[in-house]
Enquirer: 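Below: one structure in structure tokens.
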Amino acid sequence: MDAITQNLTPAQADAVTHVDGPLLIIAGPGSGKTRVVTHRIAYMLNQGVRPWQIAALTFTNKAADEMRMRVNLLAPNQPVWMGTFHRFCAQQLRRYASFVGLAENYSIYDMSDSRSAMKRAIQAAGVSTSHATPEQIASAISKAKNRLITPESMQQQSGRASDTVAARVYPVYQEQLLLANAVDFDDLLYHFARLLRENPEVRGELDAKLKYIMVDEYQDTNLAQYAIVRAMSVDHPNLAVTGDPDQSIYGWRGADLNNILDFEKDYPNVKTVRLEQNYRSTPNILAVADQLIRHNRRRKAKELYTENPDGENVILRQYQDGYEEADAIADEIAAQMITGNAEPRDFAIFCRMNALTRSLEHALRNRGLPYQIVNGVEFYQRKEVKDLLAYLHLINNPSHDVALQRVINTPTRSIGATTLGRLQSFADAERIPMLEAARRADEIDTLSKRSKTMVRSFVSLYDRLRKKATASLEELVRYLVEETKYIAFLERTTVEKEDSNPIENVDEFLSAAVEFDRMNPEDGSLEAFLEQVALVSDTDKFEDSNNRVTLMTLHAAKGLEFPRVFLIAVEDDLLPHYRSKQDDQQLEEERRLLFVGITRAKQWLQLSYAKRRSMRGDIRVAIPSMFLSELPRADMNVIESHADRDFFDESVDDDYPESWDLVQEPAPEEEAEQEYSSETAVTNTSSIGGPKTPPSTVDRLPKTTSDAASVIPEVYLDEPAAKPKPKRNSAALASALTTASEMLSSDRVPLGAYREGSTVRHPEYGEGTITELTGRGPKRTAKIRFSDNESEQTFRLAFAKLELVDASNP
DNA sequence: TCATACCCCATTTTT
DNA sequence: TGGGGTATGA
């Protein structure tokens, strides 16, 4: 037809050219779904659909950004609305705030905000938390909101004990939120869905305006989202949804698989298109994925196929324990980089839980392999940043009680828990926001004279800040930091923490403000900034521009792809997780999780499990996951670990050779985990299923890891060191990713080089002498006496910013 | 009011 | 093993 449909397969073109009427696109992994969606938008525009009639809803900012970028290539500069569900609702709610009892400048509570609000509500409701933890209550309320259950109707429903408790907290929580002119994440959907339900004229208006609605990842919608989409597609049922039931992994957050399974019932005239051809993976990988997912019952049958050429078999590999797994994988990555023309960015390591990335981190760091962990400590979650943000929130919305509580004694001004509690009771009794209560401190008899003075001075500080609310963001933040003497506060309170730099974070925050001003010269309001910040997430910051190995959970991996993938700890109780094993539906979700992981891989995949795994301190025997037995062996190589190593392993696991520190190797990285590395490197590159060589004595020695590292092309090794602090945040709000390897540059002195008596230099404390060394590996700790002021400090060598001046051991 | 010590508890977490 | 919340003393 034209350029837009030219390069599409028949199935894809079928979906792209269906403009009017409901459309269901069942899109298997790697089937070019985004391509279809973006081309469809371009096609519609070509057909004369006006851009503002289209809204494309996604779940993540990342997905929305990608879509926007690609649509822009096909149809430049068209004001099609593309963004997340939550942002969409947030924007609509600004217009219709009064309909649901909010003011237009309402605040969006993030997770920790809602948590504190929840605690306060639990207290105010006077329920006991002995039968239901605050988390359980919060989750029950969240689920209720996702299912559009009002506080009133929740009370009528009889349920479990925790639900009964939650039902009592819910109305209180909700009332407090409204009083604070705030919403939590669930409310964005909940309020908007109710708004549509209860105001037919608003519903009709939006239905008419947004004639073409598209929803991505439809399998992950919950009832509230379903209701929203449904309500806007009554008069103009041109709703196009894409999704894959087999990739639904957010059931625990309220996603309802029935939304997609029943779509054809909801919209009788639906056109259904199946995208089953996979353009991503090798047939081997796809076969493994396909066999696995066939074990699920609640799904829409799908024939996955690919025309890609055959690839290597999928490897299923056993390790003795988690440390061996980590080391072997790091070695394997190093080896593949040398032999397989691979770069760090080609690799991803997936796991079920964040806790499992730790040993991998060590192993990668030791080899100088650059890596990034998606979901590290998030910029906007850091204390300093949250403090400043809380001030901004309070300036924008004086009713923001959570912000007030955070800020009223930060920096400390002797307004402690007692005073705060009294303010709170007064506010509760008068049903006023806490800032208002603070203004009326004089009326609160229980407050001491001193407290009243302190509170008054805080209020006057607030009023001064508030005057700057309409200034540029940069000016406001500068003024804020200045007026609150925040930097001085940080300097005085920061205890030596090696891995964070609060003052730097303040600078970065300022840069983010400057950047926001620059990007939004006209409409850059404080409110817009806060909304922006509230609705960006941690995983959005995954950057593929970094040439690094990526570590992440299976959940975070959805929607991504990598040439080479390791899936670790495929063990019983981990995957499937023991808390999901009782229930069939949950078990199927766990299987989908593995399916998602497998289908991320383009050309190479290894699944692994260990015989033993140490978890939270103790070592447990691990059993391979039941899912592994469901995989077809024809497309796999199964490699077992050497059984005869058990004795040896145990002897070293707990009994670290004392002589370790003394081993004089050219720069040995001294990590307990290292002991396997050389042997594993041999086995896994060449001898797939080959002879099992028992480890020789030499192999057991802490052989230099540098021989793995030294063969890695310089260019990779240099990366983390060459740019120790790449633009971490200033460039864009969405780029707040922090990688551990940025903080731990790889060119540091090997830990073994430090001796008692060595002279070192610390950026803050100056020169000093090591007086004592304890611990090993990442816990290797040095006690250092500093010469200038005779102070003695202890540091973890792996983290401290130490410089070795003189290694000699007098 | 604030700092420290201990005690408890641990999936996943698009927004 | 480690983070976060609470009890305790200065």
Side-chain angles (χ1 to χ4, degrees), chain A residues 57-64 83-90 108-116 119 129 133-135 138-139 142 145-146 183-190 216-217 219-222 224-225 247-255 322 350-356 358-359 374-375 377-378 380-381 409 412-420 448 450-451 454 493 495 531-542 552-560 569 573-581 586 589-590 592-594 596-597 613-619 778-779:
Chain A
L57 303 172
T58 65
F59 280 80
T60 64
N61 291 301
K62 188 172 161 50
T84 64
F85 258 106
H86 287 80
R87 191 176 294 278
F88 179 80
C89 295
I108 301 169
Y109 277 4
D110 70 13
M111 242 145 36
S112 67
D113 292 338
S114 351
R115 206 174 53 209
S116 23
K119 279 193 182 148
T129 50
T133 64
E135 287 71 39
S139 133
S142 168
K145 286 184 182 177
N146 288 162
V183 300
D184 63 20
F185 284 138
D186 297 321
D187 279 339
L188 289 169
L189 306 173
Y190 170 84
D216 197 23
E217 308 278 19
Q219 77 279 356
D220 288 330
T221 48
N222 59 35
Q225 286 158 330
Q247 293 184 63
S248 159
I249 54 177
Y250 284 101
W252 52 276
R253 273 194 109 265
F350 302 149
C351 54
R352 179 67 232 268
M353 296 186 294
N354 287 121
L356 290 165
R358 209 152 277 154
S359 49
V374 176
N375 272 355
V377 185
E378 216 266 317
Y380 290 106
Q381 311 272 41
N409 200 32
T412 44
R413 15 183 116 78
S414 301
I415 303 176
T418 330
T419 307
L420 200 59
S448 70
R450 191 176 119 92
S451 303
M454 293 319 226
T493 53
V495 279
E531 178 176 307
Q532 169 102 317
V533 170
L535 297 178
V536 300
S537 87
D538 312 14
T539 30
D540 294 331
K541 281 115 231 151
F542 161 70
M552 62 170 105
T553 63
L554 288 162
H555 284 91
K558 198 173 78 164
L560 305 174
D573 285 349
L574 246 31
L575 183 65
H577 195 272
Y578 73 103
R579 293 180 68 161
S580 302
K581 288 203 304 189
Q586 285 185 51
E589 182 156 314
E590 296 283 308
R592 291 195 290 266
L593 204 45
L594 181 55
V596 167
R613 190 167 296 275
S614 44
M615 290 221 63
R616 13 183 208 275
D618 54 18
I619 299 164
K779 286 191 157 179

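In the text below, chain A, chain B and the rest are named by the order of the sequence lines, each starting its count at 1.
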Enquirer: Check DNA chain C for consecutive Watson-Crick or G-U pairs with both distances under 3.5 Å and list the runs of at least three as stems.
Expert: B:1-10 with C:1-10
Enquirer: If you apply the rule ring-ring contact (aromatic ring centres under 6.0 Å, His included), what do you find for A:His555 with A:Trp252, and how did you get there?
Expert: CA-CA 12 Å; A:His555 284 91; A:Trp252 52 276; 5.6 Å; yes
Enquirer: Taking the side chain of A:Thr412 as its heavy atoms from C-beta onward, which of B:dT14, B:dC2, B:dT12 lies nearest to it?
Expert: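 Looking only at heavy atoms from C-beta outward on A:Thr412, the closest nucleotide is B:dC2.
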Enquirer: Before accepting this row, confirm whether a basic side-chain N of the pair A:Lys145/A:Asp184 lies closer than 4.0 Å to the acidic partner's carboxylate O.
Expert: yes
Enquirer: For the C1' atoms, the ones on B:dT14 and on C:dG3, what distance do you get once it is rounded to whole angstrom?
Expert: 24 Å
Enquirer: Please determine whether a side-chain nitrogen or oxygen atom of A:Thr419 lies at a distance below 4.0 Å from atom OP1 or OP2 of B:dT1.
Expert: yes
Enquirer: Nearest whole angstrom, please: distance from the P of B:dT13 to the OH of A:Tyr109.
Expert: 25 Å
Enquirer: All N/O contacts under 3.5 Å from nucleotides 6-11 of chain B to the protein, with atom names and distances to one decimal?
Expert:
{"residue": "B:dT11", "atom": "O4'", "partner": "A:His577", "partner atom": "NE2", "Å": "3.2"}

Enquirer: Could you check how far CG of A:Asp110 sits from P of B:dT14, rounded to whole Å?
Expert: 12 Å
Enquirer: Carefully, step by step, assess A:Lys558 and A:Glu217 under the rule side-chain contact (heavy atoms from CB on, under 4.5 Å).
Expert: CA-CA 10 Å; A:Lys558 198 173 78 164; A:Glu217 308 278 19; 3.7 Å; yes
Enquirer: Under a 4.0 Å threshold between the charged nitrogen and the carboxylate oxygen, would A:Glu590 count as salt-bridged to A:Lys581?
Expert: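 Salt bridge flag = no for A:Glu590 with A:Lys581.
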Enquirer: A:Ile249 or A:Ile415: which one's nearest nucleotide on DNA chain B is closer to the 5' end?
Expert: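 Comparing both residues, the 5'-ward one is A:Ile415.
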Enquirer: Walk me through whether A:Phe59 and A:Gln225 qualify under side-chain contact (heavy atoms from CB on, under 4.5 Å).
Expert: CA-CA 11 Å; A:Phe59 280 80; A:Gln225 286 158 330; 3.5 Å; yes
Enquirer: Taking the P atom in each of C:dG4 and B:dT13, what is the distance between them to the nearest angstrom?
Expert: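 16 Å, rounded to whole Å.
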Enquirer: Consider only side-chain N and O atoms of A:Ser451 and A:Ser448, and report whether a donor and an acceptor are under 3.5 Å apart.
Expert: yes
Enquirer: If you check every side-chain atom of A:Asp220, which of B:dT1, B:dT13, B:dT14 has the closest atom?
Expert: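 Between B:dT1, B:dT13, B:dT14, the one nearest the side chain of A:Asp220 would be B:dT14.
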Enquirer: Using a 4.0 Å heavy-atom cut-off, does A:Phe85 contact any base of the nucleic acid, only the sugar-phosphate backbone, or nothing at all?
Expert: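 Counting heavy atoms under 4.0 Å across all strands, no contact is made by A:Phe85.
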Enquirer: We want to know whether A:Asp216 and A:Thr58 form a side-chain donor-acceptor pair, criterion being a heavy-atom distance below 3.5 angstrom.
Expert: no
Enquirer: Taking syn as a glycosidic torsion within 90° of 0 and anything else as anti, which one is B:dT11?
Expert: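 Classified syn.
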Enquirer: Nearest to the side chain of A:Arg358, heavy atoms from C-beta on, is which of C:dG2, B:dT13, C:dG5?
Expert: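 So the nucleotide nearest the side chain must be C:dG2.
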Enquirer: Quiz question: by atom type and distance under 3.5 Å, do the side chains of A:Arg352 and A:Thr553 form a donor-acceptor pair?
Expert: no
Enquirer: Answer yes when A:Arg115 and A:Glu135 have at least one side-chain N-carboxylate O distance shorter than 4.0 Å, and no when they do not.
Expert: no
Enquirer: With side-chain contact (heavy atoms from CB on, under 4.5 Å) as the test, would you mind laying out the steps for A:Leu188 and A:Ile108 before giving the verdict?
Expert: CA-CA 8 Å; A:Leu188 289 169; A:Ile108 301 169; 4.3 Å; yes
Enquirer: Among the candidates B:dC2, B:dT13, B:dT14, find the nucleotide nearest to the side-chain atoms of A:His555.
Expert: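 Out of B:dC2, B:dT13, B:dT14, the nucleotide with an atom closest to A:His555's side chain is B:dT13.
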Enquirer: Starting at NE2 of A:His86 and ending at P of B:dT13, how long is that distance when rounded to a whole Å?
Expert: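 Rounding to the nearest Å, NE2 of A:His86 and P of B:dT13 are 16 Å apart.
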Enquirer: Does A:Ser614 make a side-chain N or O approach to OP1 or OP2 of C:dT1 shorter than 4.0 Å?
Expert: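 Looking at the OP1 and OP2 atoms of C:dT1, neither is under 4.0 Å from any side-chain N or O of A:Ser614.
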Enquirer: Just checking A:Asn409: base, sugar-phosphate only, or nothing, at a heavy-atom cut-off of under 4.0 Å?
Expert: sugar-phosphate
